[in-house]
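Quick notes on the structure that follows.
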Amino acid sequence: MTYPPPDDRFRHLLAQRINCHVDTWKLAFFIAGAIVDDPEIRAELDRVAAAHAAGQPCGDRNCRACFTAATDGPPAP
């Protein structure tokens with residue numbers, strides 16, 4: 001079996017990060033579940049993914065991909 005499981009990867013990856021800051025894995029998994037199930041968060045993730053897939057900046061000032069694209073400059077000939 002691989003970890004995280006492919007059918008619940010997002011929740012497990014979030015829980016792994018959260019677990020460093022809370023007392024129990026159960027609490028981390030509960031918080032991660034609430035994040036994954038939140039429709040506003042899902043909509044924002046979809047919006048960012050669509051912008052990146054279209055090669056456009058997502059507009060998030062903390063987006064590492066957009067920052068890297070903006071600071072790398074034009075491709076070399």
Subject >> Shortest non-hydrogen separation from F10 to L45 and the atoms involved >> reply: CZ-CD1, 3.5 Å
Original post:
Where is the tightest heavy-atom contact between R11 and V36, given as atom of each residue plus distance?
Top reply: CA-CG2, 3.7 Å
**OP:** Evaluate whether atom CG of D37 has more than 12 neighbouring non-hydrogen atoms of other residues, nucleotides or ligands under 6.0 angstrom away.
**Re:** yes
**OP:** Could you grab the distance from atom CG of D46 to atom CD1 of I41, nearest 0.5 Å is fine?
**Re:** 12.0 Å
Original post:
So which heavy atom on A15 is nearest to which on A28, and how close?
Top reply: O-CB, 3.5 Å
Original post:
Roughly how far, to the nearest 0.5 Å, is OG1 of T24 from CG of N19?
Top reply: 7.5 Å
**OP:** To the nearest 0.5 Å, tell me how far R47 CZ sits from R42 CZ.
**Re:** 15.0 Å
Original post:
Given the rule that I, L, V, M, F, W and Y join up when any side-chain heavy atoms are under 4.5 Å apart, are I31 and L14 in one cluster?
Top reply: yes
**OP:** Give the minimum heavy-atom separation between C58 and A51, together with the two atoms involved.
**Re:** CA-CB, 3.8 Å
Original post:
In Å, rounded to the nearest 0.5 Å, how long is the span from CZ of F67 to CG of N62?
Top reply: 11.0 Å
Original post:
How far does CD1 of I18 sit from CD of Q16, to the nearest 0.5 angstrom?
Top reply: 10.5 Å
